[in-house]
Protein chains: 2
Amino acid sequence: MKLKELAEQLGLSQTTVSRALNGYPEVNEATRERVNKAALKFGYSANANARRLAMGRVGAIGIVVPIHSSERFGPHTSEFLSGLAERLSRDEIDFLITPLINNDEISAYRRLISSKRVDAMIVSHPSLVDERVAVLTEAQFPFVLHGRTNIDAPHAWLDIDNKGAFYQATSHLLDLGHKHIAMIDGLKGFTFSEHREEGYRDALNERSISIDPHFIVHDCFSDEIGFRETQRFLSLRPHPTAILAGSMMTALGVSRAIRAKGYQLGKEVSIIAHDDVFPYLNASNMVPAMTTTRSSIRAAGTRIAEMLVRLLDGETPETIHEVWPVELILRQSSGPPVIPAK
Amino acid sequence: MKLKELAEQLGLSQTTVSRALNGYPEVNEATRERVNKAALKFGYSANANARRLAMGRVGAIGIVVPIHSSERFGPHTSEFLSGLAERLSRDEIDFLITPLINNDEISAYRRLISSKRVDAMIVSHPSLVDERVAVLTEAQFPFVLHGRTNIDAPHAWLDIDNKGAFYQATSHLLDLGHKHIAMIDGLKGFTFSEHREEGYRDALNERSISIDPHFIVHDCFSDEIGFRETQRFLSLRPHPTAILAGSMMTALGVSRAIRAKGYQLGKEVSIIAHDDVFPYLNASNMVPAMTTTRSSIRAAGTRIAEMLVRLLDGETPETIHEVWPVELILRQSSGPPVIPAK
DNA sequence: CCCTTTGTCCAAAGCGCTTTGGATTGGTAT
DNA sequence: ATACCAATCCAAAGCGCTTTGGACAAAGGG
């Protein structure tokens, strides 16, 4: 069933039917109702391609997901997308996921722009100087950045206070009396990793505690990395009495390694993890309950969707950005250091 | 830059340029090369909407993701999508995710069909008699089902042998001497959950062991459910000496509860989990290493993408279906039951 | 009673691409 | 020479929708 046929059925012109369906004012309410009823009855729904061709607007936003790299389609991404979806579905905007294979991100973004298949894009995991952001702003293509980058050009973004989070966590451990604090951070180069490290370093520097490079790891977030690196940490002399974990996945591995060594969490070795709030992995349910810096990545997705809608409604990107504070939630996995009973 | 302009630049007709770009034979190789170069130089890339409108083909497949329900956008979904992406990106097919809010699945599928925005769809988590499958086959819309359903109409699907997996796991536990085996399965109504329960029941019936309804739980897959239900199990008299967990998330909670009770995994209480193979959560890395029934959901995604491509190439759905066997991998979390030292 | 306004509706012109049905050319067979 | 064929290229007709620029009638103002 196409518009033309529907119009014929109703004895109206395509124009009127189209307008009725799209809520334009210049059509009689009675007519509109008649049209709506008929559309429902015949199961008519506009051909999206034709519609977009005619309007120039698409009703979809684009996301490029690298599928082979380490920041792959993991639990963070899916929580984030889930949050996005929550808001975007209200406006019937769906999203187009372009998987990236050859790792040529920039050209993937370029193609997506010129193919006119999306109205806007979301870019995640920025580096300190992110070329994608540069390309998109230059092309005047609307987008929201999840994270921060140092590119000058005005653009919309939302980020959490990663630096503050790790500063807080580190300071808290220092307050508890820890002198040797290790960190398993995200991959080098990403802004969030750098910011976290900054927070960590600032806290240590503030107390004039020297920073041991062996205590800093940059890698992907996984149980395995957490386990392996913690084993390494614990074999050092002196070993760290507290570990910052960049994600809950990492934290699982860290906890495992601590326990494997016969230590108790929050006693011989403390741990504070960053928690993106996964519905299936709850920090407060762990044993012992895990102290975390907490910020829902899902909520961030929802908010970013909100920003995107504002952007598409014509709001200027300059005014759209937010930094979310991160709360430190004290639970049992962090406590004053205890000398291991030898 | 649009086709017309490019054609003018080249002094050719739109027809020729279009054909050159799309690899049609009736254009001189020299001309084709000239066109390709120019396209590259001017950064021309066809407007996807116009192209689709003209061709009737889209270059995207659709997925409806319920975002509020329990089978939400979780780690399973993202691993699966990741697998899909791996294969689809080769053919430059991207996917359109339609978030579902009001839970009116059927009409979401209907809209997606009639809006002509996708060439095919993937449907996941079927129930025993799945209405979506019925609607799609009736509409003659190409799709691949991830899982199985009892709908007669021929359709393409791929499923793992859930029944066999749980039959194997249960039998193994019985071989070890367990008499009281509990199961935390997926939500009631989904085919995979039902199949798993069948496998479990068959194994028990085969040995004439009566089935205690208190030992069977249907719920979503999460750490929390695993923990809570295992606590409940362990408070029963007699309590189960082995627990089947439907997912690795669940298994985490189960392990936690077992340990919290002061029991050792594989001793007082054994556990076998179904492992969908998450890159960030490795069964063999756990302590003790976890016995699992193992089948990569990511690989399934890739294979389903493959099937989809075949379907779009005109292959008939009748011939496209596969059941994947599931391997039981014995590790340390399962062993003969040990009477708790009271 | 004529003129303007307002409320409805319509015909037709795009949107940018693919594809059908030729037209043109140069070469080969008759 | 004539006819025929293959190799190239092109003009124009869609694809199904939105939107511009009126047309037409009823209503209101003088």
Side-chain angles (χ1 to χ4, degrees), chain A residues 1-39 42-60 92 111-119 312, chain B residues 1-40 42-60 92 110-119 312:
Chain A
M1 168 68 72
K2 42 190 77 168
L3 184 60
K4 194 172 163 192
E5 294 164 16
L6 185 63
E8 274 164 11
Q9 281 289 331
L10 287 158
L12 288 170
S13 76
Q14 294 189 42
T15 310
T16 305
V17 176
S18 166
R19 286 182 159 153
L21 255 22
N22 292 317
Y24 280 62
E26 58 261 71
V27 45
N28 195 319
E29 263 319 311
T31 313
R32 183 192 308 282
E33 199 150 320
R34 202 157 64 89
V35 171
N36 281 330
K37 274 219 183 82
F42 295 111
Y44 170 81
S45 115
N47 176 313
N49 298 317
R51 172 170 238 263
R52 298 190 278 208
L53 178 57
M55 298 209 304
R57 247 236 204 181
V58 177
E92 302 216 294
R111 265 207 314 281
L112 209 47
I113 293 174
S114 62
S115 73
K116 298 258 164 67
R117 288 194 295 186
V118 295
D119 293 322
L312 290 176
Chain B
M1 167 70 69
K2 41 190 76 169
L3 184 60
K4 193 172 164 191
E5 294 164 14
L6 185 62
E8 274 163 11
Q9 281 287 332
L10 286 159
L12 288 170
S13 75
Q14 294 189 44
T15 311
T16 306
V17 176
S18 166
R19 284 181 162 155
L21 256 21
N22 293 318
Y24 280 64
E26 58 264 71
V27 45
N28 195 320
E29 263 318 312
T31 312
R32 186 193 307 281
E33 200 150 318
R34 203 158 63 87
V35 172
N36 281 329
K37 275 220 183 81
L40 214 59
F42 295 111
Y44 171 80
S45 117
N47 176 313
N49 298 316
R51 171 171 240 262
R52 297 191 277 210
L53 177 57
M55 299 209 304
R57 246 234 201 182
V58 177
E92 301 218 292
R110 284 233 162 77
R111 266 207 314 280
L112 209 46
I113 293 175
S114 61
S115 74
K116 298 258 165 69
R117 288 193 295 183
V118 295
D119 294 322
L312 290 175

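Quick note on labels: first sequence line is chain A, next is B, and so on, each numbered from 1.
Side-chain N/O atoms of A:Ser18 include none lying less than 4.0 angstrom from OP1 or OP2 on D:dC17. Using a 4.0 Å cut-off, some side-chain N or O of B:Tyr44 falls inside it from OP1 or OP2 of C:dC17. In this model, the phosphate group of D:dT18 is not approached by any side-chain N or O of A:Tyr24 to a distance below 4.0 Å at OP1 or OP2.
When the shell of 6.0 Å around CD of B:Glu33 is examined, it contains 12 or fewer heavy atoms from other residues, nucleotides or ligands.
For A:Glu8 and D:dG16, the CD to P distance is 13 Å, given to the nearest whole Å. Between A:Asn47 atom CG and C:dC15 atom P the separation is 18 Å, expressed in whole Å. Look at CG on A:Leu21: it is 16 Å from C1' on C:dC9, rounded to the nearest Å. In this structure, CZ of A:Arg52 is placed 15 Å from P of D:dT19, rounded to the nearest angstrom. When rounded to the nearest whole Å, the span between CE of B:Met55 and P of C:dT20 equals 13 Å. Protein atom CG of A:Leu3 is 9 Å distant from nucleotide atom C1' of D:dT18, rounded to whole Å. D:dC15 atom P lies 6 Å from atom NZ of A:Lys2, rounded to whole Å. Taking atom CG of residue A:Leu53 and atom P of nucleotide D:dG16, one finds them 12 Å apart after rounding to whole Å.
Listed by chain and number, the residues in a salt bridge (Lys or Arg N to Asp or Glu O under 4.0 Å) with A:Glu26 are A:Arg19 (sequence neighbours excluded). B:Arg52 pairs by the salt bridge (Lys or Arg N to Asp or Glu O under 4.0 Å) definition with nothing, not counting sequence neighbours. Looking at residues two or more places apart in sequence or on another chain, you find no salt bridge (Lys or Arg N to Asp or Glu O under 4.0 Å) involving B:Glu8. A:Arg111 pairs by the salt bridge (Lys or Arg N to Asp or Glu O under 4.0 Å) definition with B:Glu92, not counting sequence neighbours.
Partner of B:Tyr44 under the side-chain contact (heavy atoms from CB on, under 4.5 Å) criterion, out of B:Met1, B:Gln9, B:Glu5: B:Met1 alone.
As judged by a 4.0 angstrom heavy-atom cut-off over every strand, A:Asn49 is placed among residues making no nucleic acid contact.
In this structure, CG on B:Leu12 lies 12.0 Å from OG on B:Ser18, to the nearest 0.5 angstrom.
Across its full length, the helix from C:dC1-D:dG30 to C:dT30-D:dA1 shows an angle of 50° between the axes of its 5 terminal pairs at either end, rounded to 10 degrees.
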Expected string for nucleotides 5-11 of chain D under the B/S/- scheme (protein heavy atoms, under 4.0 Å, primed atoms plus P, OP1, OP2 as sugar-phosphate) is ---BBBB
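Side-chain contact between A:Arg51 and A:Asn22: present, with at least one pair of heavy atoms (C-beta onward) separated by less than 4.5 Å.
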Evaluation steps, side chain to side chain contact (heavy atoms under 4.5 Å, CB included), between B:Leu10 and B:Arg34:
CA-CA 8 Å; B:Leu10 286 159; B:Arg34 203 158 63 87; 3.8 Å; yes
